[in-house]
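Start at 1 with the first residue, then count along the sequence.
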Amino acid sequence: MEVASLNWVDILILVIYFLILFAIGIYCIVKQRGQKKSKEYFLADSNMNWMAVAGSLYSSNIGAEHFLGLAGSASQNGLAIGWFEWIAGFILILLGWFYTPIYKKALILTTPEYLEKRYSKTCKTFLTVISLLLYILTKISATLYSGGVILHLILGWNMYFSIVMLLLATAVYTILGGLMAVVYTEAFQTVLLISGGILTTIFGLVKVGGISQFRNSENIPSNFWHLFHNTDDPELPWPAILCIPFASVFYWCNDQLLVQRVLSARNNYHAKSGCLSAAYLKILPFFILVIPGMIARALFSSEIKDDPNIAFPLLLIKIIPNGLLGFLLSGVISALMSSLASIFNSSSTLITYDIYRTYIRKNAKEKELIIFGKISGIGILLISILWIPFISNISDQLFISINAVANYLAPPITAIFLYGMLWSRVNSRASIYTLSIGCTIGFIRLILEAIFSSKKEFSNSFLNFFIKCNFLYFGFFLFVISSLIIVIVSLLTEPPDQKCLKNTMWKSLKNSHSTKKSPFIDDYKNSIEFQDLILDKDDASELDDFKFISSQSEEGNLENEVDDDKDTNTRTSSDTDTSTDNYHDNVGKEKNSKASIHDNLKKSQKENVIINDSFQVDERKALIKEENDSSDNENENDLNKKKEIKLNYLVVLFTVIMISLYIIFR
């Protein structure tokens, strides 16, 4: 296959792209210099706006495996493959409106951490290990393979050299800059992804002779133009389309890779806006990746017959003129780097919080967590490079292969998250049984299919069905089995501890905006002590004054008691005419003894008053600060509620658009 030739304009565009990319990374590194909080590194201090969240979600998902895999599958299946992208839009809305508020309420940093709060530490560890394996063996390997193939076909570079260079370039700004560098660079790369895909579609339609010639192409089968295929279709029968969500919900709503982007949003409004904006963006791959894949089928049917994954690179090489080729190539490279950056950061987050801090160094300091996170990112990088020689074993249609693996492993995880958020009866034992049995079934299917291939016939009818069953149907059956395990085990065992249900379920959001005030707050605000303290809350001298006033008041009460005692004894001695000098001496000693006792008592009580007042003042100051913050949050929540009403209208508009597209392309 011929290799694209780049002129000086293409090379200049590539150089400018990399300069901008690393400038963003360096900016984030400088901004986070002296960083002390691990949350700033792994979640960008949860301060991302909705545009950054939307761009990060989109570019984290649209990687080189889409340019290679989705376009390649479109050349073999037609428009129906676009359902994976359109259904993802509705699942993103589910992420913003259902899952994210619960995650935020639970105050988690990783999705496995949610399982620990809802179920047990065992569930958390199980999901962490499964997620890391999926990252290394599917996501990273698929992205590396895609990137190596694309750069090899377009630039003529050795595939493994291309992979190593991409890994190193991505690791520089990801490991050093943390999630902030990832999110901002992904937002920049999203512009390149969309504009590059649009230009490819336009040039492809021009090359094929326009829309009418494209529709009447002899190289495209008639069923390719339908969104639903017949039930006998081996890969995408129409009932299987309805089974897409069972694995996709895990990918978008439970997987740390995507959820981490939403957790970085500054509040629920920005999280919802980011998810909804990403849902609108997910309409585009149908036009900038699926359509180009079919254009490649119309133009280069014989060349992509043996390897459909080269459909998109062929378009770049043969129809894009010099000057624009460098721009489009930068878009493809941005897809590669954004996917890898997302996986590296999410992997290091999982390892740091769910393994290192949980089992190795429970009391690790913030700086230590950041350092270990960077080291773990490098470790993931090295393991990925070692996995490169095995990547060529991936099946012909890369996109189908990736989704098949997800359907073999994800449905049990989807089930325990969903049931755990909706049904309070689900307990830890049920979740462990579900994960153990469900993922074991999925691994068996994955291993058997990898060894024997789904094309081989077996004499045993059950084994034949188990291996050759459509991957989407298999995902549905696995979800049903997982649901049965959850329900049966939960009903046969003891209910979960109430502390596991706090802030981890959908019903816990009903009281999320209520603010409980301390019963003595209003009275205390009007007190003299508060008026003194409010002058300067951070001034220690005010606190000392308050302690002194309280102690002096107590001391005065004690002195009055002593004086009263003295007056009583004096009256008694003066009224007794028969008292002797010896008696007066005893009375004097008794007075001195009482005075000594009272002095010690005053000293002890004074110290106790100071200590108690110190605690009370600190507690009251904290309560007052909490009330003021709650008042500010209430005002912000009221404003966000009004904005969220507008978001609900935009959700309705999205639904109308999707229905319209279905009517047009059905």
K.L.:
Among pairs that include at least one residue of residues 477-489, which meet side chain to side chain donor-acceptor pair (under 3.5 Å), considering only residues two or more places apart or in two chains?
P.N.:
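Of all non-adjacent pairs touching residues 477-489, those that pass side chain to side chain donor-acceptor pair (under 3.5 Å) are Y419-S483.
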K.L.:
So, S431 side chain and I416 main chain: donor-acceptor pair closer than 3.5 Å or not?
P.N.:
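Here the side-chain-to-backbone pair does not exist.
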K.L.:
If only atom types and distance count, is the side chain of T414 paired as donor or acceptor with the main-chain N or O of V249 below 3.5 Å?
P.N.:
no
K.L.:
State, yes or no, whether a side-chain contact exists between K117 and L107 at a heavy-atom distance under 4.5 Å.
P.N.:
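Yes, side chains in contact.
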K.L.:
Who are the side-chain contact (heavy atoms from CB on, under 4.5 Å) partners of S424, not counting sequence neighbours?
P.N.:
L501, M505, K507
K.L.:
Can you confirm whether or not the ring centre of F90 sits under 6.0 Å from the ring centre of F654?
P.N.:
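Between F90 and F654, the centre distance is under 6.0 Å.
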K.L.:
Go through the side-chain N and O atoms of K104 and N267 and say whether any donor and acceptor fall under 3.5 Å apart.
P.N.:
no
K.L.:
For E116, does its backbone N or O pair with a side-chain atom of S120 as donor and acceptor, under 3.5 Å?
P.N.:
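No, S120 side chain to E116 backbone: no donor-acceptor pair under 3.5 Å.
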K.L.:
With F477, which residues qualify under ring-ring contact (aromatic ring centres under 6.0 Å, His included), at least two apart?
P.N.:
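F477 satisfies ring-ring contact (aromatic ring centres under 6.0 Å, His included) with no residue once adjacent residues are dropped.
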K.L.:
Quick one: does any side-chain atom of R266 pair with a main-chain N or O of A271 as donor and acceptor, under 3.5 Å?
P.N.:
no
K.L.:
Could you list the residues that satisfy ring-ring contact (aromatic ring centres under 6.0 Å, His included) with F399, not counting sequence neighbours?
P.N.:
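Result, ring-ring contact (aromatic ring centres under 6.0 Å, His included) vs F399: H66, F84.
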K.L.:
Does the R118 side chain pair with the main chain of G420, one donor and one acceptor, at a distance under 3.5 Å?
P.N.:
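Side chain of R118 to backbone of G420, a donor-acceptor pair under 3.5 Å: yes, one is there.
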K.L.:
Determine whether a donor-acceptor pair (N or O, by modelled atom type, separation under 3.5 Å) exists between the side chain of N407 and the backbone of N403.
P.N.:
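At least one qualifying donor-acceptor pair exists.
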K.L.:
Are the side chains of F98 and C253 in touch, meaning some heavy atoms are under 4.5 Å apart?
P.N.:
no
K.L.:
Could you tell me which non-hydrogen atom of C243 sits nearest to which non-hydrogen atom of Y473, and how far apart they are?
P.N.:
SG-CD2, 4.3 Å
K.L.:
Is the shortest side-chain heavy-atom distance between I91 and I244 below 4.5 Å?
P.N.:
no
K.L.:
Between F471 and Y408 (judged by ring centroids, cut-off 6.0 Å), do the two rings come close enough to count as a pair?
P.N.:
no
K.L.:
Going by the rule ring-ring contact (aromatic ring centres under 6.0 Å, His included), which residues pair with W225 if we only count those two or more places apart in sequence or in a different chain?
P.N.:
F214
K.L.:
Name all residues meeting the ring-ring contact (aromatic ring centres under 6.0 Å, His included) criterion together with Y251; count only those two or more places apart in sequence or in a different chain, and write none if there are none.
P.N.:
none
K.L.:
Where is the tightest heavy-atom contact between G69 and L398, given as atom of each residue plus distance?
P.N.:
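So the minimum-distance heavy-atom pair works out to CA-CB, 4.1 Å.
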K.L.:
Would a distance-only check, ignoring hydrogens and angles, find a side-chain to backbone donor-acceptor pair under 3.5 Å from R297 to G78?
P.N.:
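Absent.
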K.L.:
State whether the side chain of W83 and the backbone N or O of L227 hold a donor-acceptor pair below 3.5 Å, judged by distance alone.
P.N.:
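Judged by distance alone, yes, a pair lies under 3.5 Å.
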K.L.:
Is there a donor-acceptor pair under 3.5 Å between the side chain of S75 and the backbone N or O of G293?
P.N.:
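The answer is no, because no donor-acceptor pair under 3.5 Å joins these two groups.
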K.L.:
Are Y280 and L653 side-chain neighbours, meaning at least one heavy-atom pair lies under 4.5 Å?
P.N.:
yes
K.L.:
Does one side chain, of N648 or W97, offer a donor that lies under 3.5 Å from an acceptor on the other?
P.N.:
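Yes - a donor-acceptor pair under 3.5 Å links their side chains.
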K.L.:
Say whether, by atom type as modelled, one donor and one acceptor occur between the side chain of N427 and the main chain of A430 under 3.5 angstrom.
P.N.:
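Here the side-chain-to-backbone pair exists.
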